[in-house]
Amino acid sequence: MGLVEELEKLNNLKQRGAISEDEYEDAKARILDSKSNEFNFDQTAGRASSNENMWGMIIHLSQFCGYLVPFAGLIAPIVIWQIKKEESHILDLHGRIVVNWIITAALFALIFGLLCFVFIGIPLLIALGLIGIIFPIIGGIKANSGEIWKYPCSIEFFSLDQNR
């Protein structure tokens, strides 16, 4: 049921005397609040401020810190996410997406490393290395334009659902 239908139904209850004015106002506030908290990945463009867009991009691109300092590509995104997640739901989503990818990529690297003994793991590790570069770039570009992009093949360890 959509927002308009819910409000009409609530207004009808008030007009029939089934609920008081106070009950009507409380219910209306709850409906409006619940609808404003709904989040759709396809409708995020333009919702984030330029500051949120910049920090979202930084969360994605901070994975490249690992090329400069060992393990910094694992630690930097997590630290930035933990610092910024209370400021914005969108930044929290970017952080969850990146951490889900980091854990997924680590698991894939472990499995593909074991598969190197039967040689199939070598091309899989190369492919993982390539998408480990491509996915953060795409995620960073989309974050900078105000979009949320879930990395393909990423396992959802941290829920991306609004009602977690």
Side-chain angles (χ1 to χ4, degrees), residues 1-11 24-110 112 124-164:
M1 182 181 310
L3 176 64
V4 174
E5 291 86 11
E6 287 184 51
L7 291 174
E8 285 176 355
K9 182 179 173 185
L10 186 62
N11 191 38
Y24 169 78
E25 291 299 327
D26 289 342
K28 183 171 99 173
R30 279 193 310 271
I31 291 170
L32 292 174
D33 185 50
S34 70
K35 292 299 178 183
S36 69
N37 286 334
E38 288 181 1
F39 192 84
N40 184 341
F41 286 109
D42 299 329
Q43 297 176 350
T44 58
R47 289 185 62 189
S49 70
S50 61
N51 191 37
E52 288 174 323
N53 293 346
M54 180 196 64
W55 279 107
M57 179 183 67
I58 290 170
I59 290 171
H60 288 277
L61 297 180
S62 65
Q63 295 175 71
F64 293 126
C65 292
Y67 293 111
L68 301 174
V69 178
F71 300 105
L74 303 172
I75 297 168
I78 295 170
V79 169
I80 295 169
W81 169 45
Q82 290 301 307
I83 291 171
K84 293 293 187 178
K85 74 178 182 178
E86 298 301 323
E87 291 180 20
S88 164
H89 175 66
I90 292 172
L91 293 178
D92 186 34
L93 279 173
H94 284 295
R96 287 172 183 272
I97 289 167
V98 169
V99 172
N100 283 340
W101 171 248
I102 290 170
I103 296 170
T104 300
L107 287 174
F108 285 163
L110 178 68
F112 297 166
L124 292 174
L125 280 173
I126 292 170
L128 181 62
L130 288 174
I131 63 173
I133 294 170
I134 295 168
F135 284 179
I137 291 172
I138 293 171
I141 290 169
K142 290 194 178 272
N144 195 42
S145 66
E147 297 178 48
I148 301 289
W149 184 68
K150 297 189 298 186
Y151 293 16
C153 306
S154 184
I155 301 168
E156 196 172 300
F157 295 99
F158 293 96
S159 173
L160 303 178
D161 184 21
Q162 169 71 15
N163 302 318
R164 44 178 199 271

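Any value given below was found using the heavy atoms of this structure, including those in side chains, with hydrogens, waters and symmetry copies removed. Source: prediction; values computed, not measured.
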With side-chain contact (heavy atoms from CB on, under 4.5 Å) as the test, would you mind laying out the steps for Asn11 and Tyr24 before giving the verdict?
CA-CA 7 Å; Asn11 191 38; Tyr24 169 78; 4.1 Å; yes

Grab the two heavy atoms, one from Ser62 and one from Ile80, that are nearest each other, plus how far apart they are.
CB-CD1, 3.9 Å

Roughly how far, to the nearest 0.5 Å, is the CD1 atom of Ile102 from the CH2 atom of Trp81?
9.5 Å

Closest non-hydrogen atom pair, Ala72 against Pro77:
O-CD, 3.8 Å

Note, Ile83 side chain near Val79 side chain (heavy atom, < 4.5 Å):
yes

For Glu156, does its backbone N or O pair with a side-chain atom of Asn100 as donor and acceptor, under 3.5 Å?
no

Pairwise distance CZ(Phe135) to CG(Leu130) - rounded to 0.5 angstrom
10.5 Å

I would like to know whether Trp101 and Gln63 meet side-chain contact (heavy atoms from CB on, under 4.5 Å); could you show each step before the answer?
CA-CA 10 Å; Trp101 171 248; Gln63 295 175 71; 3.3 Å; yes

How long is the gap from CD on Glu52 to CE on Met54, to the nearest 0.5 Å?
10.5 Å

Is any side-chain N of the basic residue among Asp26 and Arg30 closer than 4.0 Å to the acidic one's carboxylate O?
no

Atom pair CG/OG of Asn51 and Ser88 - distance to nearest 0.5 Å
9.0 Å

CZ-CD1 distance between Phe64 and Ile133, expressed to the nearest 0.5 angstrom:
6.5 Å

Validation row: Trp149, His60 side chains within 4.5 angstrom (heavy atoms)
no

Just do the side-chain contact (heavy atoms from CB on, under 4.5 Å) check on Phe158 and Ile103 with the steps written out, would you?
CA-CA 10 Å; Phe158 293 96; Ile103 296 170; 3.9 Å; yes

Over all heavy atoms of both residues, which pair between Ile97 and Ser154 is shortest? Give the atoms and the distance, please.
O-OG, 4.5 Å

Give the minimum heavy-atom separation between Ile59 and Val98, together with the two atoms involved.
CG2-CG2, 3.8 Å

Surrounding NZ of Lys28 (heavy atoms of other residues, nucleotides or ligands, distance under 6.0 Å), is the total greater than 12?
no

Is Leu61 close to Ile58 at the side-chain level, that is, under 4.5 Å between some pair of heavy atoms?
no

Can you tell me how far the CH2 atom of Trp55 sits from the CG atom of Leu91, to the nearest 0.5 Å?
9.0 Å

Using a 4.5 Å cut-off on heavy atoms from C-beta on, say whether the side chain of His89 contacts that of Leu93.
yes

Evaluate the side-chain proximity of Phe157 to Leu107: yes if any heavy-atom separation is below 4.5 Å, no if none is.
yes

Closest approach of His94 to Ile148 (non-hydrogen atoms, all atoms of both residues):
NE2-CD1, 3.5 Å

